[in-house]
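Input: a single structure, listed below in structure tokens.
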2 protein chains.
Amino acid sequence: MNIEEAAKQLEALGNPTRLQVYRTLVRAGDGGLPVGRLQEKIGIAASTLSHHLHRLILTGLVTQERQVTTLICRANYPAMNSLVGFLVDECCVDAACTTEQDGEAAA
Amino acid sequence: MNIEEAAKQLEALGNPTRLQVYRTLVRAGDGGLPVGRLQEKIGIAASTLSHHLHRLILTGLVTQERQVTTLICRANYPAMNSLVGFLVDECCVDAACTTEQDGEAAA
DNA sequence: GGTCTATTTCAAGGATCATCGAAATAGCAA
DNA sequence: TTGCTATTTCGATGATCCTTGAAATAGACC
């Protein structure tokens, strides 16, 4: 994971619509979600969703698998794990396990 | 932490220059770094750095403290911790503690 | 082949961003 | 006051992004 790749992934997640797409997929779990279902849930134009999905896929944060007539989208957990690893690299690795507000551990 | 705030912070980190600024501050640790030193290390125009610094500060990822003649910048570890918490929320919380590939038991 | 559904690509608009040099500000020193 | 250092604000330019509807593609079914 280099800085360019990390920035690309962070930028991909830095758009509210894409972040919502990504979180929806995260919530969907291993089963994933078809593109059409995502569109219903989020309520944006299909072309807009396709565009954002493309960016998420390019950065490796989301994967797609073709089923009979639909494309199933899934969050790529290892990729995000790697990104989080890069973020906490060399600073507050131990604090990374405390997702609560106890901001004392790292400082 | 709502989705809008998280997206703002992710977008802030999603620019290679800003990510480099942020990581440099992370590496600097508690002592922080003056703006001028940051500029030397990164090699961009002072106005550009100021602009990026402003965005990082607005999102809460970086703090500034005035010393005699210089401004000391510091990475805000709790803020990033909170962002990471949001990212791993409801999906792979245990995996968040294993930034390596080995499936260590999540404490 | 023809049709239907699901999804992507195309083209375009308006908005935002990244970067820079020049000028302005703030604080200290002489 | 004048000068010096450190940093920010201003103004501008070129690039990129977000969003959409319309058109095109891919696959399944009759």
Side-chain angles (χ1 to χ4, degrees), chain A residues 3-25 28 31-76, chain B residues 3-25 28 31-76:
Chain A
I3 201 167
E4 288 291 336
E5 186 183 357
K8 277 273 197 307
Q9 293 189 340
L10 289 166
E11 183 192 23
L13 291 175
N15 174 271
T17 301
R18 279 195 298 268
L19 186 54
Q20 191 180 0
V21 167
Y22 183 75
R23 293 205 102 208
T24 303
L25 290 178
L33 234 43
V35 176
R37 187 65 62 90
L38 264 176
Q39 193 200 344
E40 290 172 5
K41 278 180 177 286
I42 296 180
I44 56 177
S47 54
T48 304
L49 175 59
S50 181
H51 162 66
H52 286 311
L53 233 25
H54 185 63
R55 282 188 68 143
L56 287 170
I57 291 166
L58 272 186
T59 60
L61 287 166
V62 165
T63 62
Q64 271 184 342
E65 177 200 352
R66 161 147 274 139
Q67 287 209 350
V68 210
T69 67
T70 67
L71 278 172
I72 306 296
C73 306
R74 288 190 184 85
N76 186 1
Chain B
I3 200 167
E4 288 291 337
E5 186 184 357
K8 276 273 197 307
Q9 293 189 340
L10 289 165
E11 183 191 25
L13 292 174
N15 174 270
T17 301
R18 278 196 299 268
L19 187 53
Q20 191 180 0
V21 167
Y22 183 75
R23 292 206 102 207
T24 303
L25 290 178
L33 234 43
V35 177
R37 187 64 63 91
L38 263 177
Q39 192 200 344
E40 290 172 4
K41 280 181 176 284
I42 296 180
I44 57 177
S47 55
T48 303
L49 175 58
S50 181
H51 161 66
H52 286 312
L53 233 26
H54 186 63
R55 281 189 69 143
L56 287 171
I57 290 165
L58 273 186
T59 59
L61 288 166
V62 164
T63 63
Q64 270 184 342
E65 177 200 352
R66 160 146 276 138
Q67 288 210 350
V68 211
T69 67
T70 67
L71 277 173
I72 306 295
C73 305
R74 288 190 183 85
N76 185 2

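Order of the sequence lines sets the chain letters (A, B, ...), proteins ahead of strands, with each chain counted from 1. If you're wondering where the values come from, they're calculated on a predicted model, not measured in any experiment. For the numbers below, each heavy atom of this structure counts, side chains included, while hydrogens, waters and symmetry mates do not.
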What I'd like to find out is whether the side chain of A/Ile3 reaches to under 4.5 Å of the side chain of B/Arg23, using heavy atoms alone. yes

Tell me which residues in residues 54-61 of chain A lie within less than 4.0 Å of DNA chain D, going by non-hydrogen atoms. A/Arg55

Under 4.0 Å from OP1 or OP2 of D/dT7: is there any side-chain N or O of B/His51 that close? no

Please state how far atom CG in B/Leu53 lies from atom C1' in D/dT9, giving the value in whole angstrom units. 14 Å

Nucleotide C/dA6, atom P - distance to CD1 of A/Ile72 in whole Å: 12 Å

What pairs of nitrogen or oxygen atoms, one from the protein and one from nucleotides 21-28 of chain C, lie under 3.5 Å apart?
| residue | atom | partner | partner atom | Å |
| --- | --- | --- | --- | --- |
| C/dG21 | N7 | B/Ser47 | OG | 3.3 |
| C/dG21 | O6 | B/Ser47 | OG | 2.9 |

Is there a side-chain contact between B/Asn15 and the phosphate of C/dA18, meaning an N or O under 4.0 Å from OP1 or OP2? yes

B/Arg37 atom CZ: more than 12 heavy-atom contacts under 6.0 Å: no

Rounded to the nearest 0.5 Å, what separates atom CD in A/Gln39 from atom CG in A/Leu33? 12.0 Å

Which residues pass the side-chain contact (heavy atoms from CB on, under 4.5 Å) test with B/Ser47, sequence neighbours left out? B/Ala45

Considering only D/dT20, C/dC17, D/dT8, which nucleotide approaches the side chain of B/Glu11 most closely? C/dC17

Using atom CD of B/Gln39 as one end and atom P of C/dC20 as the other, report the distance to the nearest whole Å. 10 Å

Please determine, for the side chain of A/Thr70, which listed nucleotide (D/dT8, C/dT7, C/dT19) has the closest atom? C/dT7

At under 4.0 Å between heavy atoms, what does B/Arg18 touch on the DNA or RNA strands: base, sugar-phosphate, or nothing? sugar-phosphate

Round to a whole Å and report the spacing from CZ of A/Arg37 to P of C/dT7. 10 Å

Is the shortest side-chain N/O distance from A/Gln64 to OP1 or OP2 of C/dT8 below 4.0 Å? yes

